Structures are given as C-alpha cells and as structure tokens.
S.K.: 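The structure that follows is given in the form of structure tokens.
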Amino acid sequence: MREWWEGLGTRERFIVIAGSVILIPFLLWVLVWRPLIGNVIQLEQEVASQRENVVWMQNAATELQQLRGSGAQAAAGLGGRSLLAVVDQSARSAGLGSGLKRIEPDTADAVRVRLEGVSFDTLVTWLDLLSRQHGIQASLVSIEREAGPGLVNVRLTLNASS
C-alpha cells in the first residue's frame with residue numbers, strides 16, 4: 001500500500017485524499033446514520049400506534065364495565081312469559097321461523113332448539129339479541145355447515161338466567 005501511495009504523483013495524491021474526505025463521511029451516512037434514523041422513525045410510529053391501541057383498550061374496558069354494570073338492569077327478562085314462548089317469538093321475529101324445526105323444554109329454565117338451513121349471521125345476531133334483551137344464554141351449541149353459502153344446521157340449549 002505504501003509503495004502504491006509513494007508511486008502516485010502529487011495531483012493523484014490530492015485526488016485520492018479529496019475523494020476519501022468525501023467518500024468516508026458519505027459511506028458513514030449511508031451505512032450507519034441513515035439506517036439508525038430510519039429505525040428511530042419506525043419505532044416512533046410503532047409507539048404512536050401502540051399508544052392509540054392503549055387508549056382504545058382503556059375506552060373499551062370502561063365501556064365493558066359500564067355494560068356489565070347495566071347488564072342486569074338492561075335485560076328485560078322473560079316479561080312473565082315462558083322461556084319457550086320467548087325463544088319461539090324472538091326466533092320468528094329474527095327471520096329464523098322457516099328454519100325453526102323444534103323447540104322443546106329441557107329443564108325448568110332451559111329449552112332445546114333445532115334450526116335447519118338458517119343463515120349463520122342471522123343466528124349469531126339472534127343469540128346476541130336473546131342475551132342482551134332477555135338474559136338468555138346458549139349453553140350447548142352444535143353447528144353443522146349446510147350446502148348453501150353461509151347456511152348452517154344448529155342444535156342448541158338455551159338457558160334463562162335466574
């Protein structure tokens with residue numbers, strides 16, 4: 001290396017030194033500084049996103065506590081009607097009447113329901129409605145896919161909360 005340097009003329013040495021003065025900071029910037037800055041920016045964006053998630057989760061937790069607190073008061077119960085009548089009427093109101101094959105008593109506060117060829121989305125909406133409006137929960141659920149898209153056959157046991 002020393003022989004090569006000594007073999008260079010004055011002008012060539014000046015060019016090599018000037019090139020090194022320019023190239024070394026450029027390489028440091030490209031290979032070290034720029035990736036560090038990019039990672040810092042990415043981490044700042046992730047932190048901001050995580051902070052938004054924390055705020056959302058805190059709001060959801062507050063809302064959940066409010067709903068739990070008002071859940072017992074919000075459920076209208078059976079309104080003096082039998083569990084069988086409430087389930088039958090609400091299933092027909094939800095648009096599940098054509099698929100409703102059987103509703104039979106299981107125990108004093110439970111009924112077994114069989115639905116065939118019903119929309120899964122409608123079924124889930126109906127179960128949510130039963131839970132929120134009447135305090136009726138599904139305890140045993142068996143769902144089988146039907147030939148049509150989104151259609152299912154369902155066997156379930158519904159319990160009235162006491």
Side-chain angles (χ1 to χ4, degrees), residues 23-162:
L23 185 62
I24 289 174
F26 177 74
L27 287 175
L28 286 174
W29 181 74
V30 167
L31 298 175
V32 177
W33 188 252
R34 194 166 148 205
L36 285 176
I37 295 299
N39 289 340
V40 167
I41 291 171
Q42 180 183 0
L43 289 173
E44 287 174 347
Q45 291 171 346
E46 287 180 26
V47 166
S49 173
Q50 294 300 325
R51 284 187 178 145
E52 289 174 8
N53 287 342
V54 166
V55 169
W56 180 85
M57 286 182 196
Q58 289 171 338
N59 291 339
T62 303
E63 183 178 344
L64 182 61
Q65 288 174 346
Q66 290 172 350
L67 290 174
R68 280 187 182 159
S70 67
Q73 300 160 352
L78 302 178
R81 299 181 293 168
S82 73
L83 176 61
L84 194 76
V86 170
V87 170
D88 182 58
Q89 186 272 330
S90 66
R92 294 184 192 287
S93 297
L96 297 170
S98 62
L100 191 59
K101 299 302 177 194
R102 180 181 298 158
I103 301 178
E104 59 188 17
D106 187 39
T107 63
D109 61 347
V111 294
R112 286 182 287 181
V113 181
R114 192 172 102 205
L115 300 154
E116 294 180 359
V118 296
S119 164
F120 179 78
D121 294 340
T122 305
L123 171 73
V124 171
T125 303
W126 174 61
L127 290 174
D128 180 55
L129 177 89
L130 283 176
S131 174
R132 285 192 289 135
Q133 288 188 352
H134 304 288
I136 299 172
Q137 303 291 322
S139 60
L140 298 172
V141 180
S142 172
I143 301 176
E144 298 172 355
R145 186 175 11 175
E146 181 70 20
L151 299 179
V152 292
N153 295 330
V154 182
R155 292 176 188 222
L156 55 105
T157 301
L158 298 172
N159 297 314
S161 52
S162 24

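Positions are given from 1, in the same order as the sequence printed here. Everything numeric in this text was worked out from a predicted model, so none of it was measured.
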S.K.: Which heavy atom of Ser131 sits nearest to which heavy atom of Gln137, and what is that distance?
M.R.: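 It is OG-NE2, 2.8 Å.
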S.K.: Can you sort out the partners of Leu129 under side-chain contact (heavy atoms from CB on, under 4.5 Å), two or more places apart, ordered by chain and number?
M.R.: Gln133
S.K.: For residues 50-59, tabulate all N or O donor-acceptor pairs below 3.5 Å that involve a side-chain atom, not counting sequence neighbours.
M.R.:
{"unit_1": "Asn59", "atom_1": "ND2", "unit_2": "Val55", "atom_2": "O", "d": "3.4"}

S.K.: Between side-chain atoms of residues 144-159 and protein atoms elsewhere (two or more places apart, or another chain), which donor-acceptor pairs fall under 3.5 Å?
M.R.:
{"unit_1": "Glu146", "atom_1": "OE1", "unit_2": "Asn153", "atom_2": "ND2", "d": "2.8"}
{"unit_1": "Asn153", "atom_1": "OD1", "unit_2": "Gly117", "atom_2": "N", "d": "2.9"}
{"unit_1": "Asn159", "atom_1": "ND2", "unit_2": "Ser139", "atom_2": "OG", "d": "2.9"}

S.K.: How would you list, by chain and number, every residue that makes a salt bridge (charged side-chain N to carboxylate O under 4.0 Å, His left out) with Arg92, sequence neighbours excluded?
M.R.: Asp88
S.K.: Closest heavy-atom contact between Thr122 and Ala94?
M.R.: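 Looking at all heavy atoms of both residues, the closest pair is CG2-O, 3.3 Å.
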S.K.: How many angstroms lie between atom CG of Leu96 and atom NZ of Lys101, to the nearest 0.5 angstrom?
M.R.: 12.0 Å
S.K.: Please report the closest heavy-atom contact between Arg112 and Asp106, naming both atoms and the distance.
M.R.: NE-OD1, 3.5 Å
S.K.: Is there a side-chain contact (heavy atoms from CB on, under 4.5 Å) between Trp126 and Val118 once you walk through the steps?
M.R.: CA-CA 11 Å; Trp126 174 61; Val118 296; over 6 Å; no
S.K.: With sequence neighbours excluded, tell me which residues meet side-chain contact (heavy atoms from CB on, under 4.5 Å) with Thr62.
M.R.: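 Checked Thr62 against side-chain contact (heavy atoms from CB on, under 4.5 Å); matches are Gln66.
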S.K.: Got more than 12 heavy atoms from elsewhere within 6.0 Å of CD, Glu63?
M.R.: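 No, because the 6.0 Å sphere around CD of Glu63 holds 12 heavy atoms or fewer from other groups.
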S.K.: Between atom CG of Leu83 and atom CZ of Arg81, what is the distance when rounded to the nearest 0.5 Å?
M.R.: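 Atom-to-atom, Leu83:CG and Arg81:CZ are 10.5 Å apart.
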S.K.: Side-chain donor-acceptor contacts of residues 25-46 below 3.5 Å, not counting sequence neighbours, with atom names and distances?
M.R.:
{"unit_1": "Asn39", "atom_1": "ND2", "unit_2": "Pro35", "atom_2": "O", "d": "3.4"}
{"unit_1": "Gln42", "atom_1": "NE2", "unit_2": "Glu46", "atom_2": "OE2", "d": "3.4"}

S.K.: Name the residue from Val111, Asp109, Leu127, Val87 that meets the side-chain contact (heavy atoms from CB on, under 4.5 Å) definition with Ile136.
M.R.: Val87
